[in-house]
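Atoms within a ligand are numbered from 1 in the order they appear, just like the ligands themselves.
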Amino acid sequence: MNEVEHQDPIKGRYVKIDDTNNWKPFPPPFAEGGITWQLLNVSPEMGSWAAIFDCPKGSSFHRHIHIGPGEYFLTKGTMEVRGGEGEGGSTAVAPGYGYEPCNARHDSTHFLEDSEFYMTFLGPLNFIDEEGNTVAVITWEDAQGAWEAS
Ligand code: ZN
Ligand code: ZN
């Protein structure tokens, strides 16, 4: 008879977000301009992960596609998503909330001033090059690995 491996139930958790401690550089292949982050949680139940990002003025994320939907809460600053309003995207001003659907393509995510936002990713991020070829697919496990390695 096959055995199903016993898994302990996933427990609830609380993470104190401190202003000074525990910020780590977001891996350079995926952003530039000094973005740091804190991975707050990963959920194998949902295939999701949640993080808060500190984004200095002028920083940006590299081109990516959200394989699953994502929700963000901009707690500080100004963030241009999908090129910002001037290019048909969104310009979020704190405090601001946004939803990005499955397959949302983010060619340009820029921060016009020192900013901070929380985001939950339901599924992986697919980082792509200009032609749309996959550079890296970041699942919750990869996010956890990157966080633990840094
Ligand atoms: Zn770059
Ligand atoms: Zn994005």
Side-chain angles (χ1 to χ4, degrees), residues 10 12-150:
I10 295 170
R13 67 191 314 224
Y14 166 76
V15 181
K16 173 84 175 115
I17 298 167
D18 191 275
D19 276 344
T20 49
N21 296 324
N22 220 18
W23 292 95
K24 299 178 180 182
F26 195 62
F30 309 124
E32 61 195 48
I35 292 177
T36 56
W37 71 317
Q38 294 188 40
L39 182 65
L40 302 173
N41 192 45
V42 297
S43 174
E45 294 168 301
M46 291 284 287
S48 70
W49 49 290
I52 188 163
F53 299 89
D54 186 86
C55 309
K57 180 179 181 175
S59 62
S60 62
F61 287 99
H62 286 174
R63 185 178 280 108
H64 59 274
I65 293 170
H66 291 253
I67 292 176
E71 291 181 281
Y72 64 83
F73 180 55
L74 185 74
T75 54
K76 189 178 105 180
T78 304
M79 171 169 71
E80 285 188 334
V81 185
R82 289 172 276 102
E85 270 167 22
E87 294 177 32
S90 301
T91 299
V93 179
Y97 164 87
Y99 177 83
E100 293 294 317
C102 283
N103 295 317
R105 177 168 166 156
H106 290 173
D107 287 292
S108 171
T109 310
H110 277 108
F111 297 88
L112 304 185
E113 54 187 307
D114 290 352
S115 303
E116 185 184 85
F117 72 103
Y118 163 88
M119 189 153 188
T120 295
F121 304 87
L122 297 170
L125 282 181
N126 181 16
F127 283 87
I128 56 174
D129 65 17
E130 279 181 45
E131 287 78 46
N133 302 306
T134 295
V135 174
V137 175
I138 306 300
T139 66
W140 67 267
E141 283 175 296
D142 299 311
Q144 187 173 47
W147 175 252
E148 286 171 356
S150 62

Under the ring-ring contact (aromatic ring centres under 6.0 Å, His included) test, residues paired with His110 that sit two or more places apart: none
Candidate list Glu80, Glu100, Arg82, Glu85, test side chain to side chain donor-acceptor pair (under 3.5 Å), partner Ser90, passing option: Arg82
Contacts of type salt bridge (Lys or Arg N to Asp or Glu O under 4.0 Å), residue Asp142, not counting sequence neighbours: none
Within residues 40-59 or reaching into it, pairs that qualify as salt bridge (charged side-chain N to carboxylate O under 4.0 Å, His left out) - sequence neighbours excluded: none
Ring centers of Phe53, Phe117 separated by less than 6.0 Å: yes
Under 2.8 Å from the Zn ion (ligand 2) - protein N/O/S, by chain and number: His64 NE2, His66 NE2, His106 ND1
Flag, side chain of His62 to backbone of Pro29, donor-acceptor distance under 3.5 Å: yes
